Student: 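Below is one structure. I have some questions about it.
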Amino acid sequence: MPSVPSILVTRRLPDSVESALARDFGATLNSDDHPLTAAELQRGLAAYDIVLCTLTDRLTREVLEAGSGGVRLLANFGAGTNHIDLEAARRLGIVVTNTPGVLTDDTADLTMLLILATARRAREGARELRAGSWAGWRPTHLLGTRVSGATLGVVGFGRIGQAVAHRASAGFGMRVLYHSRRRATPEVEAACAATYVPVLESLLAQCDIVSLHCPATPATHHLIGASQLAAMRPTAFLVNTSRGDVIDELALVSALEEGRIAGAGLDVFEREPAVPEALRTLPNVYALPHLGSATTASRVAMGECALRNIAAYVRGDAPPNRVA
Ligand code: DGY
């Protein structure tokens, strides 16, 4: 690795991060912010030592193999790495890093927004107001579901799941249940006031709101499908700020259309940026375009974290957030 490696940055980043990349490494930036095609990615992998990539870059086995020989480090901007074939990267000797931890609070905050918006029918209310069709206050108008004191099920209990559990219990007096592959320590459970439920379907059956926080892996692909949705209460809401393919979207659409669950709050989708029409138009769906970490603070911190990983790698040290 040369002391000043060549770096390709695949998307626009906050100004301060781009300035540091340009100043310290003369990095090639993506000034028009277009998503790179597979061919552009392959050319970039072949031509640069380091690629600072993100979740819109589909770094499949084919793309990595076709571009191998050049790139040594994929410094991912983001915590999720399901868009990178990590196994292929390992085999090809490409190091992969991510940016965990710095977006936890903002993603947890946005989860609370989705919980509140779905349970309190914010979409229907805002739509009525904008259409000029609000007929005035009345006792039976747009009655929603009380969030305070409700039972929340957190599926996946990493940093973000724990941050949501903490907000829900400490801020909203919610009873929090959680399910994950591994049970958390008693200290973490106590700090989040959360109770472990070993069987997913049992958690689903007990909750007023279910919020998903597991990473996208082969084991979590369509973790929530028709039978899990059937285990939920018809009055319950499903919220997802993790990855779209944790839910079987077709099964979700059927459950929503048939009133088998009460509603959904979604920030992520199976085939982004494509979103099924039903999930864009159903009144009981509050959907956002993958905004979980979209604050200036998080995006700058993510960029700085990627820079730390790059700097460590270039110095010959272990990058702090190596995933492959
Ligand atoms: C991530 O870090 O993977 C998030 O999805 C970006 O918001």
Side-chain angles (χ1 to χ4, degrees), residues 9-14 17-18 30 33 35-36 41 51-60 73-86 89 96-115 117 154-164 167 180 211-221 223-224 238-247 249 264-275 279 286-310 319-324:
V9 182
T10 65
R11 297 305 298 261
R12 285 289 322 267
L13 299 178
V17 180
E18 288 197 341
N30 179 353
D33 201 23
L36 300 196
L41 281 170
V51 174
L52 198 162
C53 56
T54 193
L55 59 91
T56 53
D57 302 313
R58 306 238 163 278
L59 293 158
T60 59
L73 170 66
L74 292 174
N76 187 57
F77 180 92
T81 50
N82 58 308
H83 54 289
I84 305 173
D85 187 327
L86 295 179
V96 182
T97 59
N98 71 344
T99 63
V102 293
L103 44 79
T104 303
D105 283 330
D106 288 326
T107 308
D109 290 349
L110 190 109
T111 304
M112 298 313 295
L113 184 155
L114 290 180
I115 289 173
V154 175
V155 179
F157 210 55
R159 291 184 184 86
I160 298 172
Q162 290 173 27
V164 169
R167 281 160 175 71
S180 66
S211 188
L212 305 178
H213 299 286
C214 36
T217 66
T220 61
H221 182 78
L223 181 71
I224 304 296
L238 180 65
V239 168
N240 190 10
T241 54
S242 62
R243 280 293 183 268
D245 66 1
V246 175
I247 300 179
E249 262 176 10
L266 305 170
D267 188 45
V268 287
F269 303 89
E270 265 199 273
R271 290 170 198 82
E272 295 179 11
V275 178
L279 299 182
Y286 191 94
L288 293 173
H290 204 145
L291 293 181
S293 65
T295 66
T296 305
S298 267
R299 294 288 163 84
V300 168
M302 289 160 75
E304 288 170 350
C305 186
L307 275 164
R308 282 194 295 280
N309 285 316
I310 291 172
N321 309 109
R322 183 170 178 168
V323 293

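Order of listing sets the numbers, starting from 1, for every ligand and every atom in it. Values in this document were obtained by computation on a predicted structure and should not be read as measured data. Reckoned from all heavy atoms, side chains included, excluding hydrogens, waters and symmetry mates.
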Student: Quick one: does any side-chain atom of Thr99 pair with a main-chain N or O of Gly78 as donor and acceptor, under 3.5 Å?
Tutor: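 Yes, because the side chain of Thr99 sits within donor-acceptor range (under 3.5 Å) of the backbone of Gly78.
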Student: Could you list which atoms of ligand 1 come closer than 4.0 Å to a heavy atom of Gly80?
Tutor: 1 (C), 2 (O), 3 (O)
Student: Return the residue, atom name and 0.1 Å-rounded distance of the protein heavy atom closest to atom 2 (O) of ligand 1.
Tutor: Ala79 N, 2.6 Å
Student: Any donor and acceptor pair, going by atom type alone, linking the side chain of His83 with main-chain N or O of Thr54 inside 3.5 Å?
Tutor: yes
Student: For atom 3 (O) of ligand 1, grab the closest protein heavy atom and report residue, atom and distance to one decimal in Å.
Tutor: Arg243 NH2, 2.6 Å
Student: Is there a donor-acceptor contact under 3.5 Å from the side chain of Asp267 to the main chain of His290?
Tutor: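 Indeed, once roles are kept as given, a pair shorter than 3.5 Å links the two residues.
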Student: Below 4.0 Å, non-hydrogen atoms only: which portion of Leu103 touches ligand 1? Side chain, backbone, both or neither.
Tutor: side chain
Student: Could you tell me the residue and atom name of the protein heavy atom closest to atom 7 (O) of ligand 1, and the distance to it rounded to 0.1 Å?
Tutor: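 Here the closest protein heavy atom is Ser293 OG, 2.7 Å.
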Student: Which of the atoms of ligand 1 are close to His290, meaning less than 4.0 Å from one of its heavy atoms?
Tutor: 4 (C), 5 (O), 6 (C), 7 (O)
Student: Is there a side-chain contact between Thr56 and Thr10, using heavy atoms and a 4.5 Å cut-off?
Tutor: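 The answer is no, as the side chains (C-beta and beyond) never meet within the 4.5 Å cut-off.
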Student: Report the residue from Thr220, Leu212, Ile247 that forms a side-chain contact (heavy atoms from CB on, under 4.5 Å) with Ser242.
Tutor: Leu212
